[in-house]
Protein chains: 2
Amino acid sequence: MRAMVDSEAPSTTRSRERTRRKLLDAAAQVFAEVGLDAASVEAVCDRAGFTRGAFYSNFESKDELFLELSGIVANERVEAVRSRVGELESVGGFDTQPANAFAIIEQVLDVSADDRLSVLLMSEIRIRALRNPDLAAAYLQQEAEMQRGVAQIVTDIGRAKGIEFRVSSDEAARIMLLVWEGAAVRAAMSGVEADELRRRTSTELALVAQLTIHDPQRP
Amino acid sequence: MRAMVDSEAPSTTRSRERTRRKLLDAAAQVFAEVGLDAASVEAVCDRAGFTRGAFYSNFESKDELFLELSGIVANERVEAVRSRVGELESVGGFDTQPANAFAIIEQVLDVSADDRLSVLLMSEIRIRALRNPDLAAAYLQQEAEMQRGVAQIVTDIGRAKGIEFRVSSDEAARIMLLVWEGAAVRAAMSGVEADELRRRTSTELALVAQLTIHDPQRP
DNA sequence: TGTATCCGATACATAGTTGTATCGTAAAAC
DNA sequence: GTTTTACGATACAACTATGTATCGGATACA
């Protein structure tokens, strides 16, 4: 009976799921640290506290695991942005100052690149996408989704604050995402700690946000 | 006597230099295509039309070659920007329309990411820099140099055209570089051809350039 | 023409990685 | 409590890449 309740594989034990998750987590770390190609299956297993037997019992190959991991990361990012957008829309009020109204967007984007490991992992996924059409399509689609979310926030802020923009919300969102990512990569490259990394990307984003705003009083 | 003229190694034959260059060129291609780790020394040699004997006769290891290659690429980029800046400054006149005054900057930046292979190679260098402090320092320094060049152009254009900017030329240059690179990566990911890639990045850059300009008449 | 030198090719020893096949054990089913 | 099943560990075979040591030939030079 329980088998009918579960959607996919009824036989998979709960402990097996834990093993999969541990392997995925370990893989995320190792892939970020040394890159997919330099990461041996054994290194991933060592990190997870298993041997390769566990690995091949759970995954076809390293590539298959990477594909699944990419999907998970992408979903998490999109979902995090979406939920933030949902929160903000339901609350309706933006009680931040006009000057740093875009702090909300920082919060939204924080979900994507908040620490060095995330930056590295996303960079790894991105460079694989550059070389693999399938991954590229998935990557671009996920990014478009995030862009929609950010554009929505931009629109909402504009409406709530009576802000006029010099470009469309889509364009603003796209530029913000690009700058955000670039700044995060540079910060990570400088070897700064997580909070400093966050501070730098925020500063850069604030600058861009300011640029997109059309302020008739003080241009 | 000729030995005294040459700077470094007097004994290196001209043909040896050609071999080195061929290996470096081949390596650039292969590294871009599959990444440094996945690129075997033999694959590089095959592409160059040599065997590994030639490789190890000319380079310590794959890493050493990559380091040298990175240096060359970085120098070329910086030098290209610098020479463009030099040209523009010496000429003095900017006969482009105010609307697309920043087409000049596109020209300047074109040297850095004009085709898919360059985008891939720079992405590879960037992700290595993310994982290696020495490379990171070199990368950031090279980028700072480019930023200075672009900022100089921005300043010159502003002066020549009587344009006011909403941010400092340095900030404008930094954002432009970030957006330029991000756009180039996305375009390359879409699998578009070289000229379409160029068109997309130009469009994105024009948008940012427009944002940085403060036009009192039509804000 | 003979000789020396240089440079790239070839051969080989070694290490590391992958995937599979088998085994042992712990938990589930009866 | 016994049997069965599932899951991860272990052992193994094949492959690939690396780096070194040696070889052969072309080129420069006398």
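Sequence lines set the chain letters: A, B, ... in the order given, protein chains first and strands last, and positions in each chain run from 1. Computed from a prediction, not measured in an experiment: that's the story for all the values here.
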(request) Would you check, one step at a time, whether the test salt bridge (Lys or Arg N to Asp or Glu O under 4.0 Å) holds for B:E64 with B:R20? (result) CA-CA 13 Å; B:E64 198 229 51; B:R20 274 182 76 88; 5.5 Å; no

Using whole Å, report how far [atom1] of [X] lies from [atom2] of [N].
| X | N | atom1 | atom2 | result |
| --- | --- | --- | --- | --- |
| B:K22 | C:dC7 | NZ | C1' | 14 Å |
| A:E17 | C:dA27 | CD | C1' | 17 Å |
| A:R14 | D:dC7 | CZ | C1' | 16 Å |
| B:R21 | C:dC7 | CZ | P | 18 Å |
| A:L65 | C:dT18 | CG | C1' | 15 Å |
| B:E64 | D:dT18 | CD | P | 15 Å |
| B:R18 | C:dC7 | CZ | C1' | 13 Å |
| A:L36 | C:dT17 | CG | C1' | 14 Å |

Taking [Y]'s backbone N and O only, do any of them form a donor-acceptor pair with [X]'s side chain (distance below 3.5 Å, no angle check)?
| X | Y | result |
| --- | --- | --- |
| A:E124 | A:L36 | yes |
| A:Q29 | A:A26 | no |
| A:N132 | A:R128 | no |

(message) Within the 4.0 Å limit for protein heavy atoms, which parts of nucleotides 8-17 of chain D are touched? Write it as a string from 5' to 3', B for base, S for sugar-phosphate only, - for none.
(response) SBBBB-----

(message) Applying the side chain to side chain contact (heavy atoms under 4.5 Å, CB included) criterion to A:E204, which one of A:L207, A:T201, A:V208 satisfies it?
(response)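 In the set A:L207, A:T201, A:V208, the residue that makes a side chain to side chain contact (heavy atoms under 4.5 Å, CB included) with A:E204 is A:L207.
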
(message) Could you check whether atom CD of A:E196 has more than 12 heavy atoms from other residues, nucleotides or ligands sitting under 6.0 Å from it?
(response)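 Yes.
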
